[in-house]
2 protein chains.
Amino acid sequence: MALKKRNLSATEQILEALEERGYRSTAPRRTLAAAIGVQKRHFTAEGLRRQLPPTLGRATVYRTLKLLVEAGVLCRVMLEDGDLHYQLSHRGHHHHLLCVLCGSSQDLTGCDIEDLLAATSARHGFELSGHWLEVYGHCRDCIQNGRAAA
Amino acid sequence: MALKKRNLSATEQILEALEERGYRSTAPRRTLAAAIGVQKRHFTAEGLRRQLPPTLGRATVYRTLKLLVEAGVLCRVMLEDGDLHYQLSHRGHHHHLLCVLCGSSQDLTGCDIEDLLAATSARHGFELSGHWLEVYGHCRDCIQNGRAAA
DNA sequence: TCACTATTAGATACAAGGTATCAATAACAT
DNA sequence: ATGTTATTGATACCTTGTATCTAATAGTGA
Ligand SMILES: [Mn+2]
Ligand SMILES: [Mn+2]
Ligand SMILES: [Zn+2]
Ligand SMILES: [Zn+2]
């Protein structure tokens, strides 16, 4: 669903997602979409704000980020230190491999963790309704470049 | 490791864990240990503070909680709404099944998620160093008592 | 094109949750 | 008992938001 239309830029796709949901196209939202579309990795609300004209209200930044998460355009990424970041989401529900050395993230695929959790929960008499998972470590790049050396 | 000595009360075990690590035994810490030992479920820093004499400084509460997490006596529990709670930890690293209806939590056991994650990460060329997982749903009690009905 | 109305924006104040600083106090090893 | 060091609590401060409100504006349809 989100970001499926590969012929559109990230910025355009963000705006389209808002439009599809009946939100109005405003100058602040266009500015935000452009700023988000340009991010090369996950970012914080305040970090994003620093790249925006200071005339753009703080509340608007937070409001729009929440909107975009609800719309499935952005996903939240919890860093190991508790910092909440955002990044473009390509899928519905999924998880991340977060490199603690370079800060990169990749989506965790080919992992049937949902099934494992469902089965294990059931064994506890527990009916699963949701979960939260982040995985931290060293990415291939950092390992090869020796950044992971002790 | 933490809370293994079953002949001691939770409060005593908390104090002993601090002593073992070379921390001084102070009146504020004894008060805190007693208050924590009495908790029946996970609690927040501010919730705990409300049960404490107001003379006990706020900074002391946060400092001590951090200390106890580092000592492995407490574990952090992230609720679905982002609230950070604490609870006594009986094992090293483990995860929780959190009931979103009654707020109870049980430790997730019999789950080889660590292995699954390690294997999946490796397939991504990723060297796993840590992870964070919380599982939300309805507990057996709530299901049986019909609290889970739509 | 123009007005009408519900959304939206930005200012501002507020709040939760947590940390930095620091002088005063208390533990505890000797 | 004394001296050193860890610890405390007060205070100020910070980050990350949210509530509230008025002004502005997008989108609707006449
Ligand atoms: Mn992702
Ligand atoms: Mn636990
Ligand atoms: Zn890396
Ligand atoms: Zn329950």
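So that the names make sense, note that chain A is the first sequence line, chain B the second, and so on, each numbered from 1. Computation of the quantities below employed the complete heavy-atom set of this structure, encompassing side-chain atoms and omitting hydrogens, waters and symmetry-equivalent molecules. Only a predicted model underlies this, so the values are computations on that prediction, with no experimental measurement involved.
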Regarding D:dG9, can its base be found pairing with the side chain of B:Arg63 as donor and acceptor, where the two atoms are less than 3.5 Å apart?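 Such a pair exists between side chain and base.
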
State whether the distance check finds a donor on one side and an acceptor on the other, under 3.5 Å, for side chain B:Arg58 versus base D:dG9.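 Side chain to base: no pair below 3.5 Å.
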
If you compare all heavy atoms of A:Glu80 against all heavy atoms of A:Tyr136, which two are closest, and at what distance to 0.1 Å?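 That would be N-CE2, 3.3 Å.
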
Indicate the atoms forming the closest heavy-atom contact of A:Arg76 with A:Tyr86, along with that distance.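 In this case the closest contact between A:Arg76 and A:Tyr86 is CG-CE2, 4.0 Å.
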
Take atom [atom1] of [X] and atom [atom2] of [N], then tell me their distance rounded to the nearest Å.
X: B:Glu46; N: C:dG18; atom1: CD; atom2: P; result: 7 Å
X: A:Tyr62; N: D:dT16; atom1: OH; atom2: C1'; result: 5 Å
X: B:Leu67; N: C:dG18; atom1: CG; atom2: P; result: 16 Å
X: A:Arg30; N: C:dT8; atom1: CZ; atom2: P; result: 13 Å
X: A:Arg49; N: D:dG17; atom1: CZ; atom2: P; result: 12 Å
X: A:Asp81; N: C:dG18; atom1: CG; atom2: P; result: 14 Å
X: A:Tyr23; N: C:dA6; atom1: OH; atom2: P; result: 18 Å
X: B:Leu18; N: D:dT7; atom1: CG; atom2: P; result: 9 Å

Quick one: label A:Ser25 by what it contacts on the DNA or RNA (base, sugar-phosphate, nothing), any heavy atom closer than 4.0 Å.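 Contact class for A:Ser25: sugar-phosphate only.
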
Sugar-phosphate, base or nothing in reach of A:Thr44, heavy atoms under 4.0 Å: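 Result for A:Thr44 = nothing.
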
Please state whether the phosphate of [N], meaning OP1 or OP2, lies under 4.0 angstrom from any side-chain nitrogen or oxygen of [X].
X: A:Lys66; N: D:dG17; result: no
X: A:Arg29; N: C:dT8; result: yes
X: A:Thr26; N: C:dA9; result: yes
X: A:Thr60; N: C:dG10; result: yes

Indicate yes or no for a side-chain donor-acceptor contact from A:His42 to the backbone of A:Gly103 under 3.5 Å, with no hydrogens or angles considered.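 Flag set: sc A:His42 to bb A:Gly103 pair under 3.5 Å.
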
Let me know, please, whether B:Arg50 or B:Ala27 comes out on the 5' side of the other along DNA chain C by nearest nucleotide.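 So the residue in question is B:Arg50.
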
[X] side-chain proximity, nearest of [options]:
X: A:Leu56; options: C:dG10, D:dT16, C:dG18; value: C:dG10
X: B:Ala59; options: D:dG9, C:dC28, C:dG10; value: D:dG9
X: B:Pro28; options: D:dG27, C:dT8, D:dT8; value: D:dT8

Can B:Glu46 and B:Arg58 be said to form a salt bridge (charged side-chain N to carboxylate O under 4.0 Å, His left out), step by step? CA-CA 9 Å; B:Glu46 289 301 325; B:Arg58 208 158 74 96; 3.0 Å; yes

Student check: side-chain heavy atoms of A:Ser121 and A:Glu127 closer than 4.5 Å: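 A side-chain contact is absent here, since even the closest heavy-atom pair is not under 4.5 Å.
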
